[in-house]
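Before any comments, here is the structure.
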Amino acid sequence: MISRVKGTQDVLPARFTSKPDAQIERWLFVERAAREAFRRYGFEEIRTPIIERTELFERGVGSETDVNKEMYTFADRDGEMISLRPESTAPVVRAYSEHGLFNQAGLVKLFYIGPQFRRERPQKGRYRQFWQIGVEVLGQSDAPAIEAEVIEMLDWLLNELGITDTDLLINSIGDGQCRPAYIARLKEAIFERLGALCGNCRLRAETNPLRVLDCKVESCQAYLAELPRINESLCEPCANHFTEFRRLLAQRGIAYKIEPRLVRGLDYYMRTAFEITGASLGAQNTLIGGGRYDGLSEILGGQPVKGFGFASGVERLVMSVPDSKINLDATKPELFVACVGPESRDYAYALGRRLRAEGVTTIVDLEGRKLKKALAVANSIGARYSLIIGEDEIKSGSYALRDMTTGEQNNLRESEIVDTLKYRRLF
RNA sequence: GCGAGCAUAGCUCAGUUGGUUAGAGCGCCUGACUGUGGAUCAGGAGGUCACGGGUUCAAGCCCCGUUGCUCGCCCCA
């Protein structure tokens, strides 16, 4: 039997799987809550293609070898290099420019929900095809109020999802003015302590000094604490921006931790960076990550556009939603139509059609089962009511409606059945 | 790219220092009950013990390799 591709997963009805993160009911809950949050804050949905020119990501994400290695890339028939999107910020910025949205008055606030692809080794909360929801605020303003409002929205969303055990980590990573000088001083400080640091740190000292700050090795910690912190080396505009951002969070009563080690690897990220981490997710515990990327549009060859956004892994959100938030009964059918004898089948099909037109979730037994078997099926799929149609019922025009929970059974006319089910739905 | 753990029925798992024909619960099918589900009882189907090789009189069990899953490292846009 052919099996699924490594690092992918099937999301299916909960009654077919006990793995919580593979249950469609959980996914729908998360997606609906996210859409509702985005709607309330005035975000509009955008759908960009799953494939883009490889160049978009090479320029947008950087052409470092690791990044390229982890993209699914292929040559199209005409030789053009195409990649499955590994993230959606660059595609959204591309679409923004391509459709001339910079001519709009005011901010353009977009959200997306969709699959992304990275060829990494799968582990808990990390897949090769994974879903992200995210927003991008694009326009001419870089007001800290944009950032605070997005985080306020996330605060509301997480609460709505019942995900309470989270930390908001924030940092400012400076801009083109202050960051280069900081990195130079950081490097210097690292090299002064090079002998005491672990092998990994020694390697990173040259290639990615910001990442040294992130080292988890016990023996490094004391030395890392002595390294200069970027948020203490900000130029005045960056420092003011960060101060205002923090003031606006405090004004909203949103708790945060300043995490000086929180960095972004890419050059176009600047100033505000943030992360929301969740408990009980294992090693991959980042639920949401975001930041400001004012330089990205120009790197892609577009006009100067200021941007701020976040992306969140749906799988990790789904894993974090408590069971109590999910109502598995909501998707169960309201009515199962069983028939006695072959003559009643055509009658049942027509009746089922009329009931559906009235808005009733109806499953008609198509297999011509004996009544006993039909009711057993109705029971196992969790139908709330069964309708029994036989010769007697057809003659009298009233059908036996059986409450599958209580076993109570009444003979009702068609209109009464519809009323009963609609009434029941109020509870 | 590196490392560790795991792999027996649809699912969850047992399987003795290697010993004959492969086990349970749940689920599924049939019947007890030809127009009434859930409970009970009786019966039944369902297995390349992940795959390939090796050791042995004998392998689900031991050894090697492969694949897959899981978790961690690297990386994390």
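All chains are named by letter (A, B, ...) in the order of the sequence lines, taking the proteins before the strands, and each is independently numbered beginning at 1.
- Between A/Tyr347 and A/Tyr399, the ring-plane angle classifies as tilted under the 30° and 60° cut-offs.
- Of the C1' atoms belonging to B/rC63 and B/rG18, the separation is 13 Å, rounded to the nearest Å.
- The interatomic distance linking A/Gln116 (CD) with B/rA77 (P) rounds to 14 Å, in whole Å.
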Query raised in the report: Could you write out RNA chain B as a dot-bracket string, with dots for unpaired bases, | for bases paired across to another strand, and Watson-Crick or G-U pairs counted at under 3.5 Å?
Result: (((((((..((((.....[...)))).(((((.......))))).....(((((..]....))))))))))))....
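- Regarding A/Asn411, its CG atom lies at a distance of 17 Å from the P atom of B/rG35, rounded to whole Å.
- Rounded to an integer number of Å, the gap from A/Asp10 CG to B/rG10 P is 17 Å.
- No donor-acceptor distance shorter than 3.5 angstrom exists from the side chain of A/Trp131 to the backbone of A/Ser312, with no hydrogens or angles considered.
- Comparing the P positions of B/rG68 and B/rG54 gives an interatomic distance of 23 Å, to the nearest angstrom.
- B/rG1 and B/rU12 are spaced 29 Å apart, taking the P atom of each and rounding to whole Å.
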Which atoms of nucleotides 69-73 of chain B (N or O only) lie under 3.5 Å from a protein N or O atom, and what are those distances?
from   : atom 1 : to       : atom 2 : distance (Å)
B/rC69 : OP2    : A/Lys6   : NZ     : 3.3
B/rC71 : OP2    : A/Lys124 : N      : 3.1
B/rG72 : OP1    : A/Ala283 : N      : 2.8
B/rG72 : OP2    : A/Gln123 : OE1    : 3.4
B/rG72 : OP2    : A/Lys124 : N      : 3.4

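- Rounded to an integer number of Å, the gap from CG of A/Leu387 to C1' of B/rU36 is 13 Å.
- Partner A/Lys109 forms a salt bridge (charged side-chain N to carboxylate O under 4.0 Å, His left out) with one of A/Glu149, A/Glu44, A/Glu136, A/Glu45 and no other, that one being A/Glu149.
- B/rU20 and B/rG31: their C1' atoms are spaced 34 Å apart (whole Å).
- Atom-to-atom, CG of A/Asp392 to C1' of B/rG35 comes out at 8 Å; the value is rounded to the nearest Å.
- Side chain to side chain, A/Gln132 and A/Glu87 fail the donor-acceptor criterion of an N or O pair below 3.5 Å.
- Residues A/Arg271 and A/Asp142 form a side-chain contact, since some pair of their non-hydrogen atoms from C-beta on lies under 4.5 Å apart.
- We find that CG of A/Leu371 is positioned 12 Å from P of B/rU34, with the value rounded to whole Å.
- Note on ring orientation: taking the six-membered ring where Trp is involved, the planes of A/Phe111 and A/Phe38 are tilted (angle from 30° to 60°).
- The gap from the P atom of B/rG25 to that of B/rG35 amounts to 32 Å, rounded to the nearest Å.
- Residue A/Ala376 is classed as a sugar-phosphate contact, given heavy-atom separations below 4.0 Å to backbone atoms only.
- RNA chain B is contacted by both A/Thr405 and A/Arg119; A/Arg119 maps to the nucleotide lying nearer its 5′ end (nearest heavy atom per residue).
- Dashed line: the shortest gap from a side-chain N or O of A/Lys372 to OP1 or OP2 of B/rC33 is not under 4.0 Å.
- Going from atom CG of A/Leu262 over to atom P of B/rC76 covers 13 Å, rounded to whole Å.
- When the P atom is compared between B/rU16 and B/rU56, the two are found 23 Å apart, to the nearest whole Å.
- Among the nucleotides B/rA77, B/rG37, B/rG35, the one closest to any side-chain atom of A/Tyr269 is B/rA77.
- Using C1' as the reference atom, B/rC33 and B/rG37 are 13 Å apart when rounded to the nearest Å.
- Of the possible donor and acceptor atoms, none in the side chain of A/Thr166 sits under 3.5 Å from a partner among the backbone N and O of A/Thr277.
- When the C1' atom of B/rC28 is taken as reference, atom CZ of A/Phe16 falls 14 Å away, rounded to whole Å.
- Side-chain contact annotation: A/Tyr268 with A/Glu298, donor-acceptor N/O pair under 3.5 Å absent.
- Because its NZ or CZ atom is both nearer than 6.0 Å to the ring centre of A/Phe242 and within 45° of the ring axis, A/Arg246 counts as a cation-pi partner of that residue.
- Mapped onto RNA chain B by nearest heavy atom, A/Glu275 and A/Gly407 fall at different nucleotides, with A/Gly407 at the one closer to the 5' end.
- Between atom CG of residue A/Leu287 and atom CE of residue A/Met319 there is a gap of 8.5 Å, rounded to the nearest 0.5 Å.
- Put simply, A/Lys373 has no side-chain N or O that comes within less than 4.0 Å of OP1 or OP2 on B/rC28.
- Comparing the same atom, P, in B/rC26 and in B/rG43 gives a spacing of 14 Å after rounding to whole Å.
- Contact annotation: side chain of A/Glu393 to base of B/rG35, donor-acceptor pair present below 3.5 Å.
- Listed for the A/Asp294 side chain is a donor-acceptor partner under 3.5 Å among the backbone atoms of A/Gly307.
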